[in-house]
Amino acid sequence: MTASGARRAPVGTRDVLYPESSRWEAVVAGFAATVERAGYGLVISPMFEDVSVFSRGMGEKADVVAKEMYVFEDRGGRSLALRPEGTASIVRAFVQHRPPLPWKAWYATAAFRYERPQAGRFRQHHQLGVEVLGSADADLDVEVIDLAVTFLVSVGLDDFELRINSMGDPVCAPVYVETLRKYLESRLGELCDEHRQRALVSPLRVLDCKKEACRSATAGAPALLDVACAECKQHFGRVESGLRALAIPARVDARLVRGFDYYTRTTFELSSPGLDVAQNALGGGGRYDGLVEVLGGPATPGIGFGIGLERLLLACDAARRSAPSPVGASGRSAGPPPAVFVVDVAGGEAARDLTHALRAARIPSDRAFDERSLKSQMRMADRSGARLALIVGADEAAAGTVSVRALRREGDSAGGDDLQRVVGRSDVVGYVQEVLGS
RNA sequence: GUGACCGUAGCUCAGUUGGUUAGAGCGCCAGGUUGUGGCCCUGGAGGUCGGGGGUUCAAGUCCCCUCGGUCACCCCA
């Protein structure tokens with residue numbers, strides 16, 4: 001609660017502590033399962049790159065590049081940047097290693113952008129994504145979108161909206177931009193204050209302006225698909241029919257304009273209408289057939305998507321599905337509940353040896369430290385969520401035995417005499433295995 | 001970068017028109033039961049009232065600045 005800097009995480013960042021962190025693990029594991037089933041391999045690339053990887057890839061004038069990157073100079077004078085998104089790094093890795101095509105990669109990484117934080121937006125956020133390099137097939141677009149959708153469904157989120165659009169290619173995109181510019185030129189007066197200035201510089205941006213003025217002014221604006229070249233139209237048509245064949249509901253949205261320069265042809269965005277905050281885009285992606293060349297590689301088509309982990313979790317909460325639920329709900333301690341808690345009031349040696357032996361036998365176990373009282377240790381055993389307490393007092397220590405006590409969980413009856421029994425030290429691990437197994 | 005609202009124990013909050021040593025619940029620790037957890041009872045620890053400056057006999061309460069939080073714009077995940 002104190003505001004001084006050194007005591008808290010930097011602005012826009014957060015710590016994810018235990019029960020919550022287990023949800024993250026579960027979501028990442030679910031993502032890995034979904035995409036690995038489709039042949040995607042995990043790629044771990046550096047968290048920072050030469051700035052040019054991002055500035056050239058995403059476009060110098062993209063807001064993210066122009067004013068949101070964490071740029072720094074290292075001790076050797078190199079100009080580096082913390083990654084603001086996932087795609088450019090993966091493409092750079094592709095250019096460097098030139099793996100066999102098609103190259104299917106997935107990643108789970110932090111991304112950094114210097115922005116004012118708000119609901120669902122952080123300076124460090126986390127993305128799960130895939131990239132495929134080496135195929136221009138529209139069926140691949142369908143596969144990639146299918147994976148994103150399948151993943152959302154797998155975490156229990158079925159209340160989302162998929163919007164798709166095409167950005168055209170180097171042939172028809174410029175034609176479209178010019179067409180749109182002319183359309184806007186005749187309606188400058190109708191636009192919002194901000195876009196009245198910039199409409200002619202970046203016409204596309206006007207399309208996704210939220211202000212009513214811009215929205216009505218562009219309601220009848222030409223769509224890229226109206227003026228797209230035959231190849232792009234055909235490509236888009238195949239993506240649409242592919243999605244339809246897989247029963248993936250998608251809405252064609254001519255206003256969908258994604259922020260990075262590298263997109264060509266198919267773009268898509270997944271949003272959560274149920275998320276009652278301004279930032280409800282869960283993820284998005286698209287094709288980037290020119291990016292590899294921009295980053296110094298051979299002409300190679302590519303496509304991918306990224307999904308924001310924080311927003312995904314927010315959406316799950318909003319949908320009242322705790323989706324991947326915290327694993328340790330039963331315990332109240334700082335970590336995952338053990339199966340066994342060793343209570344030792346005879347010096348601690350038994351606790352030391354027993355936890356070691358139990359863990360060697362793959363039985364999760366914990367203990368108290370600092371020679372706490374019996375009462376205190378029993379309370380810790382109870383709160384840990386363990387099913388059994390192994391009690392070693394003076395008597396047991398002298399006799400070479402352990403008292404194994406069943407910790408009654410909620411819903412148990414008053415309990416009888418079979419709650420506790422004495423077992424020889426050398427038989428304890430086997431006995432515990434037996435009890436836990438039944 | 002812009003704007004609005006908000007900062008009192010680990011957490012959720014109370015704190016009357018500015019007025020003695022700042023409170024509660026939960027959590028934590030200990031004891032009640034000198035070998036037994038949960039429930040209950042009792043006690044305890046824990047607060048630079050975000051920080052700095054100002055007004056005042058007196059500031060957690062009022063004013064300014066600053067830092068932080070939250071939400072929104074911009075843009076995006």
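Proteins get letters first, then strands, A, B, ... in listed order; numbering begins at 1 in each.
- Contact annotation: A:Ser403 side-chain N/O to B:U36 OP1/OP2 distance is not under 4.0 Å.
- Using a 4.0 Å cut-off, no side-chain N or O of A:Arg379 falls inside it from OP1 or OP2 of B:C28.
- Side-chain proximity of A:Ala278 to B:U36, B:A77, B:C73: nearest is B:C73.
- Between A:Leu314 atom CG and B:C71 atom C1' there is a gap of 13 Å when expressed in whole angstrom units.
- Between A:Trp24 atom CH2 and B:A77 atom C1' the separation is 11 Å, expressed in whole Å.
- For a distance-only test at 3.5 Å, the side chain of A:Glu269 fails to qualify as a donor-acceptor partner of the base of B:A77.
- In this structure, A:Leu374 places its CG atom 15 Å from C1' of B:A30, rounding to the nearest Å.
- For A:Gln127 and B:A77, the shortest distance from a side-chain N or O to OP1 or OP2 is not below 4.0 Å.
- Closest approach to the A:Lys375 side chain among B:G37, B:A72, B:A77 is made by B:G37 (side chain taken as heavy atoms from C-beta onward).
- Dashed line: the shortest gap from a side-chain N or O of A:Arg383 to OP1 or OP2 of B:C29 is under 4.0 Å.
- In this structure, CG of A:Asp382 is placed 11 Å from C1' of B:C39, rounded to the nearest angstrom.
- A stacked arrangement is assigned to A:His125 and the six-membered base ring of B:A77, with a centre-to-centre distance below 5.5 Å and an interplanar angle below 30°.
- With C1' as the reference atom, B:U61 and B:G50 are 16 Å apart, rounded to whole Å.
- Nearest to the side chain of A:Arg372, among B:C29, B:G37, B:G69, sits B:C29.
- Here the closest heavy-atom approach between residue A:Ala315 and residue A:Leu282 is recorded as CB-CD2, 3.8 Å.
- B:C75 sits 42 Å from B:G53 when the P atoms are compared, rounded to a whole Å.
- Applying the 4.0 Å criterion to OP1 and OP2 of B:C73, one finds that A:Gln118 has a side-chain N or O inside that range.
- When each of A:Pro117 and A:His126 is assigned the nucleotide of RNA chain B bearing its nearest heavy atom, the one mapping closer to the 5' terminus is A:Pro117.
- With B:A30, B:G69, B:A77 as the choices, the nucleotide that has an atom nearest any side-chain atom of A:Arg258 turns out to be B:A77.
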Checklist entry - Are A:Ser45 and A:Arg92 close enough, and set up right, to give a side chain to side chain donor-acceptor pair (under 3.5 Å), and what steps lead you there? => result CA-CA 9 Å; A:Ser45 66; A:Arg92 191 234 82 228; 5.4 Å; no

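- The distance between atom CD of A:Gln279 and atom P of B:U70, rounded to the nearest whole Å, is 14 Å.
- Of the candidates B:G31, B:C75, B:A77, the closest approach to any side-chain atom of A:Arg311 belongs to B:A77.
- Of the candidate nucleotides B:A30, B:G35, B:G37, B:G35 has the atom lying nearest to any side-chain atom of A:Ile391.
- Straight-line distance from the CD atom of A:Glu115 to the P atom of B:C75: 11 Å, rounded to whole Å.
- Relative ring orientation between A:Tyr262 and A:Phe260 is described as tilted, the plane-to-plane angle lying within the 30° to 60° band.
- In this structure, A:Leu390 atom CG and B:G37 atom C1' are separated by 14 Å, rounded to whole Å.
- Listed pair A:Arg116 / B:U70 fails the phosphate criterion, with no side-chain N or O lying under 4.0 Å from OP1 or OP2.
- Remark: P of B:U36 and CG of A:Asp395 are 12 Å apart, rounded to the nearest angstrom.
- The side chain of A:Leu407 sits closest to B:G37 out of B:C75, B:G37, B:G35.
- B:C71 and B:C63: their P atoms are spaced 26 Å apart (whole Å).
- Taking the ring centre of A:Tyr114 as origin, the terminal cationic atom of A:Arg123 falls inside the region bounded by 6.0 Å and 45° from the ring axis.
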